[in-house]
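Quick notes on the structure that follows.
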Protein chains: 2
Amino acid sequence: MPLASYSREQAAKITFQQAQPETLNCLFYRQPVEFVQPGQSIFFEGDEAKHVFEVVAGALRIFRILSDGRRVVTGFVFDGDLLGVSLRKNYLYSAEALVDTKIRRLTRKNFDLVVRQSEDLAPRAFEFICDEMAAVQDQMVLLACKSAEERLCTFLLKHLRKSMTKGEGQSVVKLPMTRQDMADYLGLTIETVSRMITKLSTKGVLGCVGRHSVKVMKPMLLAQLAGDDDVYEWATSIEQSEGRRHN
Amino acid sequence: MPLASYSREQAAKITFQQAQPETLNCLFYRQPVEFVQPGQSIFFEGDEAKHVFEVVAGALRIFRILSDGRRVVTGFVFDGDLLGVSLRKNYLYSAEALVDTKIRRLTRKNFDLVVRQSEDLAPRAFEFICDEMAAVQDQMVLLACKSAEERLCTFLLKHLRKSMTKGEGQSVVKLPMTRQDMADYLGLTIETVSRMITKLSTKGVLGCVGRHSVKVMKPMLLAQLAGDDDVYEWATSIEQSEGRRHN
DNA sequence: CGGTTCATTGATGTCCTTCAATAATCGTGG
DNA sequence: CCACGATTATTGAAGGACATCAATGAACCG
């Protein structure tokens with residue numbers, strides 16, 4: 001699940017306005033940056049949850065393995081996100097880098113101590129967890145009743161949205177994970193994911209489909225195909241502004 | 001809300017030392033009990049989240065409706081459970097009574113205020129949310145990769161477990177919800193749920209299958225069929241003690 | 001009791017998976 | 001830089017698990 005609380009830019013803005021440089025991310029400011037290579041884990045499911053992490057750059061997959069070898073990817077974590085906040089004694093999942101990744105860490109003990117004593121941070125932490133909960137619930141809805149096409153569109157739309165709010169490469173969605181990761185996240189097989197991407201490409205919804213990025217040509221249609229219409233109006237505005245720009 | 005993390009043991013110790021018998025449920029002690037009839041809602045998805053609820057008796061379903069009418073049941077809430085804790089501005093789902101139900105309520109404002117100021121309660125609230133998160137993640141795993149049979153077995157096992165720890169009617173699982181509710185919760189159709197129940201009955205895993213209760217004859221087998229083996233040892237012990245009793 | 005809702009069971013259909021082969025991409029060493 | 005194998009992705013054909021459609025049967029309630 002996406003653990004996005006605030007994008008970097010947003011965090012910076014808030015810090016500036018309040019003249020109190022306190023966001024959850026700020027807590028990690030003085031911690032040393034650690035480098036994690038692709039495929040390397042930063043912790044495993046069941047490990048004692050000793051640390052809370054900030055992802056400075058890169059991306060990670062969050063997953064669980066069932067006894068018979070099946071894997072479920074429960075989320076992806078990107079730069080600016082926090083990891084390991086809403087946990088009790090042990091990690092509920094493993095976390096593994098998708099690409100070269102930089103992280104910072106705090107001990108839970110310190111993290112909890114600081115957060116608890118701060119008037120500003122405590123509500124932030126609560127908001128963070130609520131967002132996390134909302135994201136997981138959306139994913140439950142996706143898994144419980146959406147078709148393969150809807151699942152993929154929902155997935156792409158979420159990532160498009162993220163890349164739009166960050167302001168980077170308009171309508172080009174970076175996908176650092178493999179097809180297998182996407183499949184395990186969406187409750188599908190790698191073949192079905194591949195087929196759906198091809199299908200969307202054929203329909204003209206996607207263009208320039210590559211292994212680790214796609215260009216969304218018709219965000220509005222993508223939103224329609226995603227199946228929840230709460231994001232529909234949002235995508236409409238994107239498509240219109242995109243259209244204007246190209247004319 | 002201050003989010004401190006203590007293990008259960010630590011929290012209990014502190015409570016004991018301070019002679020403050022405070023749990024989250026205690027907060028509702030002086031609130032008037034409200035009666036809710038079957039089918040009646042206590043709030044709707046999207047409503048402003050003004051209250052936190054304690055379920056005193058009865059049961060509720062928690063669900064979301066998609067634009068095209070599809071319904072997803074994201075959970076069930078039973079007596080002793082709290083409802084509406086991990087939310088931001090609005091409710092993420094609707095809550096509807098399955099049977100005659102008694103609830104108590106507090107305003108979020110008061111709830112947050114009291115919880116935040118209490119050394120005992122703050123960690124309790126955090127633990128509560130973490131448990132909720134763990135449960136939702138388990139459900140994600142179920143929906144992402146389990147077969148219909150595994151889903152039903154997992155569901156029954158969870159409820160068996162609950163009724164065992166409560167000490168009531170050994171191995172008889174109460175199911176106050178309809179088959180449709182179960183189906184919408186498990187990401188299946190009503191027919192498939194029905195067929196799987198029949199199948200388990202035929203296998204001898206279940207006996208005395210009724211509309212709103214089933215008797216689990218072979219908890220161990222049920223656990224095996226559920227697909228995650230973390231609960232397997234637990235069920236083994238049940239079956240053995242059950243077996244001894246009957247000899 | 002009789003109507004209504006809810007659950008079960010069967011027949012058929014379909015969406016996704018599985019199996020299998022090919023193709024594209026990446027990394028590595030010559 | 002290209003060749004090479006290894007990994008990853010795409011595409012096709014066949015099968016299966018669950019959904020859909022339809023009918024019957026059981027439980028609930030005034």
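Lettering of chains follows the sequences in order, A, B, ..., and the numbering in each one begins at 1.
- For A/Thr101 against A/Gly58, the heavy-atom pair with the smallest separation is OG1-CA, 3.7 Å.
- Residues passing the ring-ring contact (aromatic ring centres under 6.0 Å, His included) test with B/Phe28: none are found, sequence neighbours excluded.
- Per the geometry, CE belonging to B/Met182 stands 13 Å off C1' belonging to C/dT8, to the nearest Å.
- Contact annotation for A/Ser194: base contact, defined as any heavy-atom pair under 4.0 Å involving a base atom.
- For B/Gln180 and C/dA7, the CD to C1' distance is 11 Å, given to the nearest whole Å.
- Judged as a ring-ring contact (aromatic ring centres under 6.0 Å, His included), not a single pair has a partner in residues 196-227 of chain A (not counting sequence neighbours).
- For the side-chain hydrogen bond (donor to acceptor under 3.5 Å, both in side chains) test, residues two or more places apart in sequence or in another chain that qualify with B/Arg61 are B/Glu96, B/Asp181.
- Here the shortest heavy-atom pairing between B/Arg151 and B/Leu143 reads NH2-O, 3.2 Å.
- Looking at residues two or more places apart in sequence or on another chain, you find no salt bridge (Lys or Arg N to Asp or Glu O under 4.0 Å) involving B/Lys50.
- First and last contacting nucleotides of DNA chain D toward chain A (any atom under 4.0 angstrom from a heavy atom, 5' to 3' order): D/dT8 to D/dA13.
- From one end of the helix from C/dC1-D/dG30 to C/dC26-D/dG5 to the other, with five pairs defining each end axis, the axis direction shifts by 50° (rounded to 10°).
- Counting only distance, with no hydrogens or angles, the side chain of A/Arg105 and the backbone of A/Pro32 share no donor-acceptor pair below 3.5 Å.
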Protein-nucleotides 23-29 of chain C N/O pairs closer than 3.5 Å?
residue: C/dT25; atom: O4'; partner: A/Arg211; partner atom: NH2; Å: 3.3

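- Between B/Lys162 and B/Asp81 there is no salt bridge, since none of the side-chain N atoms of the basic residue sits less than 4.0 Å from a carboxylate O of the acidic one.
- Under the ring-ring contact (aromatic ring centres under 6.0 Å, His included) criterion, B/Tyr91 pairs with B/Phe43, not counting sequence neighbours.
- In this structure, A/His51 has no ring-ring contact (aromatic ring centres under 6.0 Å, His included) partners at least two apart in sequence or on a different chain.
- Between the P atom of C/dA20 and the CD atom of A/Glu191 lies a distance of 12 Å, rounded to the nearest Å.
- Regarding A/Ile190, its CD1 atom lies at a distance of 14 Å from the C1' atom of C/dC19, rounded to whole Å.
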Collect all protein-nucleotide pairs involving nucleotides 12-16 of chain C in which both atoms are nitrogen or oxygen and the distance is under 3.5 Å.
residue: C/dC16; atom: OP1; partner: A/Ala148; partner atom: N; Å: 2.7

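- Every ring-ring contact (aromatic ring centres under 6.0 Å, His included) that B/Phe76 has, sequence neighbours left out, goes to B/Tyr185.
- A/Gly80 and A/Asn25 make their closest contact through O-ND2, 3.0 Å (heavy atoms, listed as atom of the first residue, atom of the second, distance).
- The distance from atom CZ of B/Arg179 to atom P of C/dT9 is 10 Å, rounded to the nearest whole Å.
- Evaluation of the side-chain hydrogen bond (donor to acceptor under 3.5 Å, both in side chains) rule for A/Lys102 yields no partner, not counting sequence neighbours.
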